[in-house]
Amino acid sequence: MRKVLCILLSAMLLSSCVKQVETDVFCSLSLTAVMPDGTDIMQMTVDNSLPGNFLRNVNTMQKYDFPVFVNNHGGPLRVRKGVYTIAFDGVARIVGESGLVEKKVRFVAYNSPDKAVMLLEDSADVRLELIVLE
Amino acid sequence: MKGFRHILAIVFMLNGLAASAQHWLPFNTLVHDAEDQVSPTAFLSRFATSWNDASVGVDLRREDSAFLPQEGNGKLEGFFNYGTYVRFGNGSAARGGARYSRGVKRDVIWNSTSDFSILYPYVMADSLECDLQSEQYSFNGYYATHAGKFVLGGGAQYRALHEYRDFDPRPRNITSDLKVSASAGYPVKSYLLDLSASFRKYYQNQALTFYNKKGANTNEFQFLGLGAHYPRFEGSENFYRTYYKGFGWSAALSMRPADRADGWSSALSLASLSLKRRLPILNNAVLCELNTLNAGIFTSLRNTKGRVRHNTLLKAGYEHRQGIEPLLDSKSGSDFGSLLDVEMYTADILSGSIESVIEFPREKGTLALNPSASAYSFSSGYVYPERKMDFAYAEAGAGTSYRSSIGKLAYYIGAEALYKVNLGGSLDIPSDFTQELIAAHYGRIHAAFTDNCLSAGLNARIKYGICYLSMSYRRLFFGSGNGTDCLCSALGLEF
């Protein structure tokens, strides 16, 4: 009994020396794009080569590519948990009265560290409310 | 056992033989050093009389290619060392010491922080290969006494380190490291069972006294682990004023012969140090946290009687390093608190060694043999972007020495040779600006080498005590023409 107690105490002591913290560093990120009038987006693309289009971790400055959005949804993306800035100009294809229409759209709601979005859970769904440029 | 300090010790060959030519014979220090690390009362009945020892010396290291670039490829250091042991009439004893050293580390690269062996991987770094000026003061004092059947004791040690660079960017680091210890021992048969504990406080203030990006032509990086760095807090002088602050503790259970030199001596020890690196300009935001856990065990057997004396030490150690990186908020008006603490860096270090000193005392002098063997394993990883580095090695060798006296003069000469062999490992680092450096560094750690040492000392009895001069020269051969030279000499007076 004494031996068991000693082993348990030792194990407790050892485990208390190492701080128990989050070990899963990734977040499964899904993006949902929404037009101002609620129109469904068949497909939306973002030119990832443009510096003004970014999905960026504020702490590490790591930039991720935007996926192609289909039926309003993009992703999921495997990103590191953290604080993110998001901004882009894209081209959305929607079904209008005269058929398939392309519209230039913009998202700027999280475009600076001061407005950044936190992705701290194992999964997150971020809603992107678009502005129509033309 | 002490992590990278084990590797550092190989390269630096700290003052070992040269500064300890007199009463600190390798036969004794082999176990005394191990005992002193776990108990502040171990020295109580070690010497029959009081003594003082003052010495000055120089420590020189020169490497063709740096083994650890973060500690430079050379060192030139002068030092003054004082030690004392005082026996009181009531069976109590005290010991103390002071040391001052001043020198320069040559061509330090990828490290602008002091105490790299304690703080890695969380250091500030740049790509300049410059000299780092270094100045260190250290003091220690311990007292031990008998209280009935108990042996009680305690003391403290303090170290202050000042390191700076005279070239832009100019880091200036001021470190203080305090450790307070106490222990209680109780006799069990012919042995003393000792329980000791200590508390440690560590602080390092780090600043750039001058930084101009254009003039310096470089950037400072906040390193995270295996080449990863923290871009958010780079590029501005304000972000380079940080400090490390933390606390540690240790506990040890040891057993050693009571009031005699011969017999078994063993100990089990556990130590922890937890440090946080903070950024004053952002409300003392925590940039990273490093938790280090050490567990060690040793056992030794000493026999000082007969025509063959021996002293053998077997020890093993484990160290776990855990690096935690908080995710900091970015909103204006926030207190820059942590949104989430994430474990990003881990390192596990295993080590084991066996060493023996065998002496053959004869009328004309004493011949000693010193065989040793050790193994070391280091395994580290960074979670994202994923990086890994593992290596392991073993080394074995033997030394021999002879000491004798002629009239009032005494002398010793010694030679030692060790061979280190690589036991495997792997390096998995994504391609970026540090790849070349880390790959080269890894190749160096991984390389086999031979380690050869020559040492000599001369003692003369004079009116005031014993005057001594000691020197040791060490040469490590890495192959491909690469090598490391270490020279240490000391002139001292024991009285």
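Below, chain A is the first sequence line, B the second, and so on; all start at residue 1.
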Drop me the distance from [X]'s [atom1] to [Y]'s [atom2], to the nearest 0.5 angstrom.
X: Tyr384(B); Y: Arg78(A); atom1: OH; atom2: CZ; answer: 7.5 Å
X: Arg80(A); Y: Glu325(B); atom1: CZ; atom2: CD; answer: 5.5 Å
X: Lys81(A); Y: Leu327(B); atom1: NZ; atom2: CG; answer: 9.0 Å
X: His229(B); Y: Thr60(A); atom1: NE2; atom2: OG1; answer: 9.5 Å

Got a sec: does the [atom1] of [X] have more than 12 other heavy atoms crowding it under 6.0 Å?
X: Arg106(A); atom1: CZ; value: no
X: Met42(A); atom1: CE; value: no
X: Phe199(B); atom1: CZ; value: yes
X: Lys201(B); atom1: NZ; value: no

Okay, Val58(A) and chain B: the region with an atom under 4.5 Å from a heavy atom over there is both
Residue pair [X] / [Y]: nearest heavy atoms and the distance that separates them:
X: Val383(B); Y: Val25(A); value: CG1-CG2, 3.5 Å
X: Pro231(B); Y: Asn59(A); value: CD-O, 3.7 Å
X: Arg232(B); Y: Met61(A); value: CA-CE, 3.9 Å
X: Val83(A); Y: Leu339(B); value: CG2-CD1, 3.5 Å

